[in-house]
Peer 1: 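Just dropping this structure here.
Just so it is clear: chains get the letters A, B, ... in the order the sequence lines come, proteins before strands, and each one is counted from 1.
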Amino acid sequence: MPELPDVEGFRRVLSDHAVGRKIRRVDVLDPGVLRGVGVGTLQQVLVGRRFGQPWRHGKHLVVPVAGSDSAVLLHFGMTGALHWACDRHRHDRVVFTFSNGELAYRDMRKLHGLRLANGADDVRRVVAGLGPDAAELSRAGLRDQLAGLRRQVKPALVDQAVVAGLGNLLADEILWRAYIHPRRSCADLDTDDFARLHTRMRNVLRQAVSQGRVPPRTTWLTGRRDEKPGSCPRCGTTLNHGRVGGRGTAWCPRCQPE
DNA sequence: GTGAATGTTCATTC
DNA sequence: GGAATGAACATTCA
């Protein structure tokens, strides 16, 4: 689930409820999600302190710890989420308790997790390997990242080192809207292709970010692909399904010619 | 039992 | 060196 819009939603959850509140407790229900930090250290650094304003780059969420140079780094893998003031769930892995409620880091598959950065350099290293954030990317910026790459366009879009924040579903959604076949080479894209790609990307992100998720609407490709095969929301043609860059991919054979 | 699932990383092979 | 592929991580679901 978590792509850029979802992580932006988690950022808002944190920002709306938890920022500035004193952290009363940190309960690690499953140490399996802690990466490179132990339970004791995490509690020592956090309990009694407050979170500062969280920020996001791509799918990474950085949560500064006020009054220290540490920061909690969150990545949600494929099944992670932040929930506020919820009933305990079996996949809650870490729970932060504040005076006004609880914040749970919930993750079924535990593919990623929670790290602790010590100092600004540590934080910088997180972002260092990532491309520009998809939501901030200008048209020229997008072209700069993709133009001339001898790769298929979909694998390039989901490569976090090229553009940060797009995942499997969003990439398919954007390509479908831009009338570009996922297997086309970046090197083949012309000025019009880049223009459409950028416009559609911004549009999809704006709508998805406002909802904090990729909307399940049936006017979106994302809302139809699970019907297997499902039909194109625009022209009604039966969708194609295949593997591109090793990932399950859906596209409309009519709107997105090879 | 099998395969696939919205993510990332590492090894291998062309 | 780049790019594509497959496996690995842990867990659930069809």
Peer 1: Taking atom CZ of F194(A) and atom CE of M201(A), what is their separation to the nearest 0.5 Å?
Peer 2: 11.5 Å
Peer 1: Would you kindly give the CZ-to-P distance between R90(A) and dT12(C), to the nearest whole Å?
Peer 2: 5 Å
Peer 1: Check whether any side-chain nitrogen or oxygen of K110(A) sits under 4.0 Å from OP1 or OP2 of dC9(C), and answer yes or no.
Peer 2: no
Peer 1: Taking Q145(A) for the side chain and G131(A) for the main chain, is one N or O donor matched with an acceptor at less than 3.5 Å?
Peer 2: no
Peer 1: Can you tell me how far P of dG7(B) sits from CG of L61(A), to the nearest Å?
Peer 2: 17 Å
Peer 1: Does dA4(B) have OP1 or OP2 sitting under 4.0 Å from an N or O in the side chain of R247(A)?
Peer 2: no
Peer 1: Would you say a side-chain N or O of R183(A) is under 4.0 Å from OP1 or OP2 of dA3(C)?
Peer 2: no
Peer 1: Rounded to whole Å, how long is the line connecting atom NE2 of H60(A) with atom C1' of dG7(B)?
Peer 2: 10 Å
Peer 1: Do any side-chain nitrogens or oxygens of Q152(A) fall under 4.0 Å of OP1 or OP2 in dA3(C)?
Peer 2: no
Peer 1: Answer with base, sugar-phosphate or nothing: what part of the nucleic acid does G248(A) contact at a heavy-atom distance below 4.0 Å?
Peer 2: sugar-phosphate
Peer 1: More than 12 heavy atoms of other residues, nucleotides or ligands under 6.0 Å from CZ of R50(A): yes or no?
Peer 2: yes
Peer 1: Is the shortest side-chain N/O distance from H75(A) to OP1 or OP2 of dT8(B) below 4.0 Å?
Peer 2: yes
Peer 1: What's R213(A) touching, base or sugar-phosphate or nothing? Going by heavy atoms closer than 4.0 Å.
Peer 2: nothing
Peer 1: K59(A) side chain: which of dT6(B), dA10(C), dT8(B) is closest?
Peer 2: dT8(B)
Peer 1: Please state whether the rings of W84(A) and F98(A) are parallel, tilted or perpendicular, taking 30° and 60° as the class boundaries.
Peer 2: tilted
Peer 1: Show your reasoning for whether side-chain hydrogen bond (donor to acceptor under 3.5 Å, both in side chains) applies to Q152(A) and S185(A).
Peer 2: CA-CA 4 Å; Q152(A) 297 173 326; S185(A) 167; over 6 Å; no
Peer 1: Using atom CG of L74(A) as one end and atom P of dG7(B) as the other, report the distance to the nearest whole Å.
Peer 2: 17 Å
Peer 1: Of the nucleotides dT12(C), dT6(B), dA3(C), which has the atom closest to the N168(A) side chain?
Peer 2: dT6(B)
Peer 1: Would you write out the dot-bracket form of DNA chain C, 5' to 3', with Watson-Crick and G-U pairs under 3.5 Å, [ ] for crossing pairs, | for pairs to other strands and . for unpaired bases?
Peer 2: .||||||||.||||
Peer 1: Quickly work out the L111(A) CG to dT11(C) C1' distance and round it to whole Å.
Peer 2: 8 Å
Peer 1: How do V158(A) and G246(A) order along DNA chain B: which one's closest nucleotide is nearer the 5' end?
Peer 2: G246(A)
Peer 1: Phosphate oxygens OP1/OP2 of dT12(C): is one of them under 4.0 Å from a side-chain N or O of H91(A)?
Peer 2: yes
Peer 1: Closer than 4.0 angstrom, basic N to acidic O: yes or no for R184(A) and D193(A)?
Peer 2: yes
Peer 1: Looking at R151(A) and D159(A), is any side-chain nitrogen of the basic one under 4.0 Å from a carboxylate oxygen of the acidic one?
Peer 2: yes
Peer 1: Taking CZ from R225(A) and C1' from dT6(B), how many angstroms apart are they, rounded to a whole number?
Peer 2: 9 Å
Peer 1: Going from NE2 on H60(A) to CG on L73(A), what distance comes out if it is rounded to the nearest 0.5 angstrom?
Peer 2: 9.0 Å
Peer 1: From dG7(B), dA10(C), dT8(B), pick the nucleotide closest to the side chain of Q160(A)?
Peer 2: dT8(B)
Peer 1: Starting at CG of D159(A) and ending at P of dA3(C), how long is that distance when rounded to a whole Å?
Peer 2: 10 Å
Peer 1: Quickly work out the L157(A) CG to dG7(B) C1' distance and round it to whole Å.
Peer 2: 16 Å
Peer 1: The side chain of M108(A) lies closest to which of these nucleotides: dT11(C), dA3(C), dA5(B)?
Peer 2: dT11(C)
Peer 1: Hey, does the side-chain of R109(A) have a donor or acceptor N/O within less than 3.5 Å of a partner on the base of dA5(B)?
Peer 2: yes
Peer 1: Take atom CZ of R115(A) as the centre, draw a 6.0 Å sphere, and report whether it contains more than 12 heavy atoms from other residues, nucleotides or ligands.
Peer 2: no
Peer 1: Looking only at atom P, what distance separates dA4(B) and dT5(C), rounded to whole Å?
Peer 2: 15 Å
Peer 1: Does OP1 or OP2 of dA4(C) have a side-chain N or O of R151(A) closer than 4.0 Å?
Peer 2: yes
Peer 1: What distance, rounded to whole Å, do you find between the two C1' atoms, one in dA3(C) and one in dT6(B)?
Peer 2: 24 Å
Peer 1: Kindly point out which of dA4(B), dT11(C), dT6(B) is positioned nearest to the side chain of R243(A)?
Peer 2: dA4(B)
